[in-house]
Amino acid sequence: METRIKDAVRNALLALGAPELPFAVERPGDHAHGDYAVNAALVAAKVLGKNPKEVADALATELTKALGDSVTRVSVAGPGFINITLARSVITDALEEAHTEEWGKGVVNAEKRVMVEFTDPNPFKEMHIGHLMSNVIGESVARLIEYSGATVARANYFGDVGPHVAKAIWGLKHAGVTDPDSAAEIGKAYAHGSRSYEESEKAKEEIDALNIALYKGEDRELMEFWRKGRAVSLDAFEEVYKTLGTKFDYYFPESEVADDGVRLVQEGVEKGVFEESQGAIIFNGEKRGLHTLVFITSKGTPTYEAKELGLAFAKEARWPSDVSLILTAAEQVGHFHVALAALKEFAHALAEKTAHIPHGFLRLTTGKMSSREGTIVTATSLINDMVAKAQERAQDVLVAEQVGIAAIKYMVLRQAPGGDIIFNPEQSLSLEGDSGPYLQYALVRATSVLASAEKEGSREDAPAEPYLIERLISRFPEVAARAERERSPHHVAQYLTTLAGEWNSFYAQNRIIGGEYEPYKLFVARAFQNTMKKGLWLLGIPTPEKM
RNA sequence: GCCGCCAUAGUUCAAUGGAUAGAACAAGGGACUCCUAAGCCCUAGAUGUAGGUUCGAUUCCUACUGGUGGCACCA
């Protein structure tokens, strides 16, 4: 419909002698303004040297002719907006579509293969709420892209080598652990090792030596210990993914891309991309207005940046893609600029299709989180707390888990992904108002009504004036498309909250079963139910049957 | 010091350069003998400061103030 209106406006402008103008067809915030608003008259007025109102009147006449039966009203309002109200039948048609499995699905990316990397927790450290945030946003972005028709692969990159591992292993050995069997124990050992690294010269030397030994991989006993610890951490991560509803297609351990990273950097030195400085190999970013960063340390170990290069190639080898997205916290923005600039020097196409999507931090009102100081909030503890809170009102454990997860995910997805979330455990994880459970509750009510109805829904015998909820439902495909385009799930979250609010109003003001227009209201309820289900799926929020 | 991001109601967040700046929480008030009250209805309350561009600026530009992140061997 939007396309039809755009075409009609374009033709009308042509008729008025003002072609090729950048106008907008938008959804007005106020429903009194109709279903669509066009600002073309305001834009064209200047070019034509006429009063915007006159231009609007002329355009409105043209549009009325062009759109015919599909609109009931085309009017001029305000400074020269043209408001368009759709015909009853067009709205009903949209609702019928809203009953289908394909509702809201797009085709814009039908031929594309997109890899999305997210979560990225490091074994030997605990998964904290920062990783949780990455997972929640990443999963939703992946689903949005899938919904736009693309084939998506979810990737998880994790640091199973590097100084933090040496610190954790050193800590475990110092605590006399021979057989690590809990992620929490390893996390504590990491905190101890990390503190010692800064406080004790001796510990620092031992940890550095361990780090190099781990890269070499020649000490069999050490490697066996490393493998055990790694497995314990990774198993714990899988538990969390399962709870959250993410299934990764590909895993990229740093240990498997590190060697390639080193090789690539060494080749790059010959090509003049990298240079030696103070025993290390660096990328001189200053020439390009970026930072200069170390890619290979003076001890010969690759840094994060070098591994990033190896990773890019590894991904391409495992699953060739058209677009490769990487979600991480915003603190890494500078590093990605440098890493991608370096990659561009010798793998132009690969660098071009790779994009870094930064997200903000979960910021505690109680002070900064530090794994070194043991003040981190783990993903597991947050989930457990929230589920326990939901349990107070829930009918069973399964529902409590679904509600708890919804509360957490919604808290993350309700706002634009780039910004920090000010996390106050008391207030942020609300079960009421602007919250995940609010959406679930609206859905459950619709499900409940549909289950207890004895009649079938029908599109026949509709009231002449569509209910507000109908107009909202019809917008869903546009919302999903915009959220995908901007890679911002919050558009879906905002929309669903408005939709749920309108449904709740409708529910409070109308008797559905046994009321006037019962079959049509059931038809509306079914469309709402399906839209809410699809929308919640896009956010990765579970859909309970009852609450 | 240099570079980036941010600043909207008491609080936490929205608003492709457009119409009366939307929600939620907190505050105050209300309805309900009816399909789930994690709900509904009503009231009050906001664009950091100073300029600029524009028919029109929360949105774009400049400066300032405040916050936050990054800046060579962590990831």
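The chains referred to below are lettered A, B, ... by the order of the sequence lines, with proteins before strands, and numbering in each begins at 1. The structure displayed is predicted, hence computed values, not measured ones.
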When rounded to the nearest 0.5 Å, the distance separating NE2 of A:His128 from OG1 of A:Thr378 is 10.5 Å

Across every strand shown, the nucleotide meeting Watson-Crick or G-U wobble geometry with B:G22 (both distances under 3.5 Å) is B:C13

Just call it for A:Leu290: base, sugar-phosphate, or nothing, with non-hydrogen atoms closer than 4.0 Å on any strand. nothing

With hydrogens left out and only the distance checked, is there a donor-acceptor pair under 3.5 Å joining A:His335's side chain and the base of B:A75? yes

Starting the side chain at C-beta, find the nucleotide from B:G18, B:C71, B:G39 nearest to A:Asn39. B:G18

For A:Phe81 and B:A19, do the ring centres fall under 5.5 Å apart while the planes stay under 30° apart? yes

Nearest-Å distance once atom C1' is located in both B:U58 and B:A46: 11 Å

Which value, in whole Å, describes the distance between the P atoms of nucleotides B:U62 and B:C5? 10 Å

For A:Gln440, answer base if it contacts any base atom (sugar-phosphate contacts may also be present), sugar-phosphate if it contacts only those atoms, and nothing otherwise; contact means non-hydrogen atoms under 4.0 Å. nothing

Whole-angstrom distance between B:U8 and B:U47, as gauged at atom P: 11 Å

Want to settle it: does A:Ala24 or A:Ala390 sit nearer the 5' end of RNA chain B, counting the closest nucleotide to each? A:Ala24

Can you tell me the pairing partner of B:A7 across any strand shown, Watson-Crick or G-U wobble, with both distances under 3.5 angstrom? B:U65

Which whole-number value in Å describes the distance from A:Glu432 CD to B:C40 P? 11 Å

Closest of B:A75, B:G39, B:C13 to the A:Gln332 side chain is B:A75

Among B:A72, B:C13, B:A19, the one nearest A:Ala37 by side-chain distance: B:A19

Partner of B:A38 by Watson-Crick or G-U wobble geometry, both contacts under 3.5 Å, or none? none

Should B:C60 form a Watson-Crick or G-U wobble pair with both distances under 3.5 Å, which nucleotide is its partner? B:G52

Taking atom C1' in both B:A23 and B:A14, what distance in whole Å separates the two? 7 Å

Looking at A:Glu345 and A:Arg288, does any basic side-chain N land under 4.0 Å from a carboxylate oxygen? yes

So, is A:Tyr438 close to the B:C40 phosphate, meaning a side-chain N or O under 4.0 Å from OP1 or OP2? yes

Nearest-Å distance, CD (A:Glu305) to C1' (B:C73)? 10 Å

Within the structure shown, what part of the strands sits under 4.0 Å from A:Lys307 by heavy-atom distance: base, sugar-phosphate, or nothing? sugar-phosphate

In Watson-Crick or G-U wobble terms, both distances under 3.5 Å, what is the partner of B:A72? none

Where the side chain of A:Leu293 is defined as all heavy atoms beyond and including C-beta, which of B:A72, B:C41, B:A37 is the nearest nucleotide? B:A72

Across every strand shown, the nucleotide meeting Watson-Crick or G-U wobble geometry with B:A44 (both distances under 3.5 Å) is none

Classify A:Arg445 by what it touches in the nucleic acid, base, sugar-phosphate, or nothing, heavy-atom distance under 4.0 Å. sugar-phosphate

If you check every side-chain atom of A:Gln415, which of B:A38, B:C41, B:A14 has the closest atom? B:A14

Which part of the nucleic acid, if any, lies within contact of A:Phe295, taking any heavy atom under 4.0 Å across all strands shown: a base, the sugar-phosphate backbone alone, or nothing? nothing

Can you tell me how far P in B:A57 sits from the matching atom in B:A44, rounded to whole Å? 26 Å

Fit a plane to each ring of A:Phe506 and A:Tyr467, take the angle between them on a 0 to 90° scale, and name the class: parallel (under 30°), tilted (30 to 60°) or perpendicular (over 60°). perpendicular

Select base, sugar-phosphate, or nothing to describe what A:Ser448 touches, counting heavy atoms under 4.0 Å on all strands. base

Test the A:Arg27-A:Tyr36 pair against the cation-pi criterion, namely NZ or CZ under 6.0 angstrom from the six-membered ring centroid and within 45° of the ring axis. yes

Are A:Lys167 and A:Tyr197 in a cation-pi setup, meaning NZ or CZ lies under 6.0 angstrom from the ring centre and within 45 degrees of the ring axis? yes

Between P on B:G18 and CZ on A:Arg27, what's the gap in Å once rounded to a whole number? 17 Å

When you compare B:U59 with B:U53, how far apart are their C1' atoms, in angstrom units rounded to a whole number? 13 Å

Counting distance alone, no hydrogens or angles: does the base of B:A72 have a donor or acceptor under 3.5 Å from a partner atom on the side chain of A:Ser277? yes

Closest approach to the side chain of A:Gln509, judged atom by atom: which nucleotide of B:U12, B:C73, B:C41 is it? B:C41

Atom pair distance, as rounded to whole Å: CZ in A:Arg363 and P in B:U68: 8 Å

Rounded to the Å, how far apart are A:Leu431 CG and B:C25 P? 12 Å

When the nearest nucleotide of RNA chain B is assigned to A:Asp420 and to A:His33 on a heavy-atom basis, which residue is associated with the more 5' position? A:Asp420

Nearest to the side chain of A:Asn504 - B:U12, B:A38, B:C40? B:C40

A:Asn83 CG to B:A19 C1': how many Å, rounded? 9 Å

Under 4.0 Å between any heavy atoms, over every strand shown, what does A:Thr303 touch: base, sugar-phosphate, or nothing? Just pick one. sugar-phosphate

Distance, rounded to the nearest Å, where A:Ile421 contributes CD1 and B:C5 contributes P: 20 Å

Identify the residue among A:Thr447, A:Ile513, A:Ile512 that makes a side-chain contact (heavy atoms from CB on, under 4.5 Å) with A:Ser452. A:Ile513

B:G29 to B:U68 separation - C1' atoms, rounded to the nearest Å: 41 Å

Using the side-chain heavy atoms of A:Phe361, tell me which of these nucleotides is nearest: B:U36, B:G69, B:A75. B:G69

Of the nucleotides B:A38, B:C35, B:A14, which one has an atom closest to the side chain of A:Gln494? B:A14

When you compare B:U33 with B:G18, how far apart are their C1' atoms, in angstrom units rounded to a whole number? 49 Å

Tell me whether the side-chain N or O atoms of A:Asn284 pair up with the base of B:A72 as donor and acceptor below 3.5 Å, since no angle test is needed here. no

Would you indicate what A:Pro79 reaches in the nucleic acid, counting non-hydrogen atoms under 4.0 angstrom: base, sugar-phosphate, or nothing? nothing

Among the candidates B:C74, B:A15, B:A19, find the nucleotide nearest to the side-chain atoms of A:Ala77. B:A19

Begin with the C-alpha distance, continue with both residues' side-chain angles, and end with the deciding distance and a verdict on side chain to side chain donor-acceptor pair (under 3.5 Å) for A:Arg445 and A:Asn504. CA-CA 9 Å; A:Arg445 277 177 137 182; A:Asn504 283 331; 3.0 Å; yes

Starting from C1' on B:C5, measure out to NE2 on A:His359 and report it in whole angstrom. 15 Å

Answer with base, sugar-phosphate or nothing: what part of the nucleic acid does A:His337 contact at a heavy-atom distance below 4.0 Å? nothing

Checking all strands, does A:Glu486 fall into the base, sugar-phosphate, or nothing category for heavy-atom contacts under 4.0 angstrom? nothing

Which word best sums up how the rings of A:Phe336 and A:His356 line up, parallel for under 30°, tilted for 30 to 60°, or perpendicular for over 60°? parallel

Rounded distance [0.5 Å steps], CD1 in A:Ile541 versus CE in A:Met532: 9.5 Å

In terms of side-chain geometry, is the basic nitrogen of A:Glu2 or A:Lys6 positioned less than 4.0 Å from the acidic oxygen of its partner? yes

